[in-house]
Amino acid sequence: MYGSIHEGNRATLERMAKWHANGWIFQEAAATGAWDAMSQFTEGKAGILIGRPWIMGSVRDVTTVAPDAVMKAYPTIRQDNGEPTYQNAEVNDGWLMFNADFEHMDQFFEYYDWLYDGAFGTGDFQYGYLENYDYDIVNDEVVFDCKLFDPALDSVFDPGKSTVLKNAPVLDAMESYANVASGKEPTTPAEIKAEASFKVVPDQSEGYALANEHRTEQLPNLFNAAPTATMQRSWEQLQTMEKQVYTNIIYGNEPIEAFDKFVTDWKAQGGDQITQEINEWYQSVK
């Protein structure tokens, strides 16, 4: 089923409305983009930020306004009964589109194979993509901390960001961090990188190891196909309705009963048909 119409969201919205009314959550969250919203944390106005472990590197400026601030990763919030809450996990990070006249798909896949050398730590990119950027060899040892390069550097640009992909492929980074945290001797390039990361940004590295412990709380969406026929006609309208109703309830502009009407309207305005189409697709491919 579609998660946003699940009855559990009713209680969640009711609680968030209370928290918003009490000033316990960022008052303009619905009207603020994610990166701008993070300034609430870096300016010392918020004590909790929900995100992936790498986000710690984006909010370290908090120490400029709160020198004694300490960042630490925690598991996601528990339910009232002590059981975990769950997060949606993406199974892809975007799409690549090719011109119909493109004649060198074989070359693209050769390039793609090279990128995975970096992920597997094999072939041409055993340790990284570019020496003196994502790694260096110092005294015959591979080094990933740029401050230990020869010559030492304050920062470097990640060459993985310059590929045709938004991010270069990675293989289960969380497990590598967890292996190092458990005391395992690093043997793979990923574990060697994780060990270096623990020395440079231990709080962030501990976050990845912690995330590995709670990986079963990430639920990937099992629908991973092109929009169905009804989605093409109605999905944008349904998404707009959902955002408006959710926001209005949290901001106290509508009572919690608006959620019940939203569910009824969502189903009637194409939601039920979309659910049927998605389940039919799933049965055809599972």
Side-chain angles (χ1 to χ4, degrees), residues 33-35 38 51-61 71 73 87-99 102 104-138 140-181 184 186-212 215 218 220 224:
W35 288 101
M38 286 198 300
R52 302 289 185 253
W54 57 259
I55 208 169
M56 287 188 174
S58 300
V59 295
R60 292 196 185 280
D61 284 351
M71 289 193 292
Q87 295 185 37
N88 181 47
E90 298 297 332
V91 294
N92 61 60
D93 195 30
W95 308 91
L96 291 174
M97 303 182 71
F98 294 87
N99 189 298
F102 182 62
H104 302 286
M105 192 60 71
D106 58 328
Q107 292 297 303
F108 166 75
F109 278 106
E110 184 174 347
Y111 171 83
Y112 207 38
D113 282 345
W114 285 341
L115 293 184
Y116 269 97
D117 274 351
F120 282 102
T122 57
D124 294 327
F125 304 118
Q126 182 177 2
Y127 300 117
Y129 292 117
L130 192 62
E131 191 170 344
N132 295 120
Y133 280 83
D134 48 0
Y135 76 99
D136 193 14
I137 303 295
V138 181
D140 296 326
E141 291 188 7
V142 61
V143 175
F144 295 101
D145 180 359
C146 66
K147 292 182 174 57
L148 301 179
F149 285 7
D150 185 16
L153 301 170
D154 289 331
S155 64
V156 291
F157 179 77
D158 178 7
K161 298 288 186 182
S162 295
T163 68
V164 297
L165 311 178
K166 184 174 69 173
N167 292 302
V170 294
L171 296 174
D172 205 343
M174 294 189 301
E175 185 174 12
S176 298
Y177 282 91
N179 289 342
V180 173
K184 178 180 181 294
T187 55
T188 68
E191 289 173 348
I192 296 173
K193 290 179 182 179
E195 182 184 46
S197 181
F198 268 100
K199 296 176 182 177
V200 180
V201 282
D203 49 10
Q204 181 173 306
S205 303
E206 289 165 4
Y208 279 113
L210 182 67
N212 187 70
R215 62 190 308 143
Q218 297 182 14
N224 189 28

Q | Aromatic ring pairing Tyr177/Tyr208, orientation class (parallel under 30°, perpendicular over 60°, tilted between) | A | parallel
**Q.** Phe102 ring center near Phe108 ring center (under 6.0 Å)
**A.**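 Here the rings of Phe108 and Phe102 have centres that are no less than 6.0 Å from each other.
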Nearest-0.5 Å distance that lies between atom [atom1] in [X] and atom [atom2] in [Y]:
X	Y	atom1	atom2	result
Gln204	Glu206	CD	CD	11.0 Å
Tyr111	Thr163	OH	OG1	4.5 Å
Leu130	Phe125	CG	CZ	9.0 Å
Thr122	Asp113	OG1	CG	9.5 Å
Tyr133	Leu153	OH	CG	8.5 Å

(Q) Would you say that Leu148 contacts Val138 through its side chain, given a criterion of any heavy-atom pair below 4.5 Å between the two side chains? (A) no
**Q.** More than 12 heavy atoms from other groups under 6.0 Å of CD on Glu141
**A.**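 Open: at most 12 neighbouring heavy atoms sit under 6.0 Å from CD of Glu141.
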Does [Y] offer a backbone N or O that forms a donor-acceptor pair with the side chain of [X] under 3.5 Å?
X	Y	value
Tyr129	Leu115	yes
Asp136	Asp150	yes
Ser205	Ser197	yes

